[in-house]
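Atoms within each ligand, like the ligands themselves, are counted from 1 in listed order.
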Amino acid sequence: MLPIIIILFIFFLSTTSNAAVQDFCVADLTVPAGPSGYSCKSPENITVDDFIFSGFRQPANTSNTIKTSVTPAFSSQFPGINGLGLSVARLETQQGGVVPLHSHPGSSEIVVVTEGSLIAGFISSANNVYYKNIEKGDTIVFPEGLLHFIVNAGNDTAKAFFIFSSSEPRTQLTSLSLFGNDLPANIVGKFSFLDVEDVIKYKKLLGGSSSE
Ligand SMILES: *[C@@H]1O[C@H](CO)[C@@H](O)[C@H](O)[C@H]1NC(C)=O
Ligand SMILES: *[C@@H]1O[C@H](CO)[C@@H](O)[C@H](O)[C@H]1NC(C)=O
Ligand SMILES: *[C@@H]1O[C@H](CO)[C@@H](O)[C@H](O)[C@H]1NC(C)=O
């Protein structure tokens, strides 16, 4: 009997060799995050509140140029989610609001519409576009790393939750990558096929330096 238990135990160890050795790794926000997330807070300093995020109680502020508010509950805001490979954010967008074209390197995203309607879509690496007007009760998935966008073309405020397969999703906004930095306008013009004057115009709009 004993050898069988030992064999099962060895089998269990070998099949779980990649499993976590801790139940969780609550983010220690006092130390900068590394490539795999925050380091773990000492167990004596962990409380139930590390596993609760109440930021969605606060009203969303959509008074901005994109008429949109995204409230993240990532490990920086929600320490208990650190290292779990998931996170959530709240979207609220007024009529005419947008979430500009962007991608999340290393994270897929699910959008669950809870109010109103949204045109939501993504562009595959083969440059195929998948988009649709979705409404309350609908869910769309944006596969990892692909460019995607949301437009509120409805008549009302729309609300949704985003669920990410990363506890600290990184975001790369296409318009900011093109125009919101100090990359010289003539180089941007060359690789984007845009006129340099237009590049300078968008750089001014998006806070990039407009040196040629
Ligand atoms: C726990 O938190 C206290 C107060 O912030 C801090 O002084 C202490 O070093 C922490 N303990 C550990 C083991 O990190
Ligand atoms: C909403 O955000 C705008 C722009 O940042 C700010 O001026 C305004 O005070 C905020 N409104 C509220 C209610 O917080
Ligand atoms: C928005 O309102 C207009 C005018 O009332 C109506 O024709 C249109 O169908 C509405 N659109 C949506 C998406 O509800």
When Ile, Leu, Val, Met, Phe, Trp and Tyr are grouped by side-chain heavy atoms lying under 4.5 Å apart, directly or through other members, which residues fall in the same group as [X]?
X      : answer
Val129 : Ile66, Val98, Leu101, Ile119, Ile123, Tyr131, Leu147, Phe149, Val151
Val31  : none
Ile52  : Val48

Ligand 2: protein N/O within less than 3.5 Å of ligand N/O:
residue	atom	partner	partner atom	Å
ligand 2	2 (O)	Asn61	OD1	3.3
ligand 2	2 (O)	Asn61	ND2	2.3
ligand 2	11 (N)	Asn61	ND2	2.9
ligand 2	14 (O)	Asn61	ND2	3.4

### Query
At a 4.0 Å threshold, what atoms of ligand 1 neighbour a non-hydrogen atom of Asn45?
1 (C), 2 (O), 3 (C), 8 (C), 10 (C), 11 (N), 12 (C), 14 (O)
### Query
Going by the atom numbers of ligand 1, which of them fall below 4.0 Å from some non-hydrogen atom of Glu44?
11 (N), 13 (C)
### Summary
Looking only at heavy atoms, the pair that brings Asn152 and Gln94 closest together is ND2-O, 3.0 Å
## Note on the structure
Heavy atoms of Leu29 and Ser75 approach each other most closely as CD2-O, 3.7 Å
### Query
Roughly how far apart are Thr62 OG1 and Lys159 NZ, rounded to 0.5 Å?
10.0 Å
### Query
Per the side chain to side chain contact (heavy atoms under 4.5 Å, CB included) rule, which among Pro32, Ser76, Ser167, Pro79 passes with Tyr38?
Ser76
### Query
Would you say Ser42 has any N or O atom under 3.5 Å from an N or O of ligand 1, going by distance alone?
no
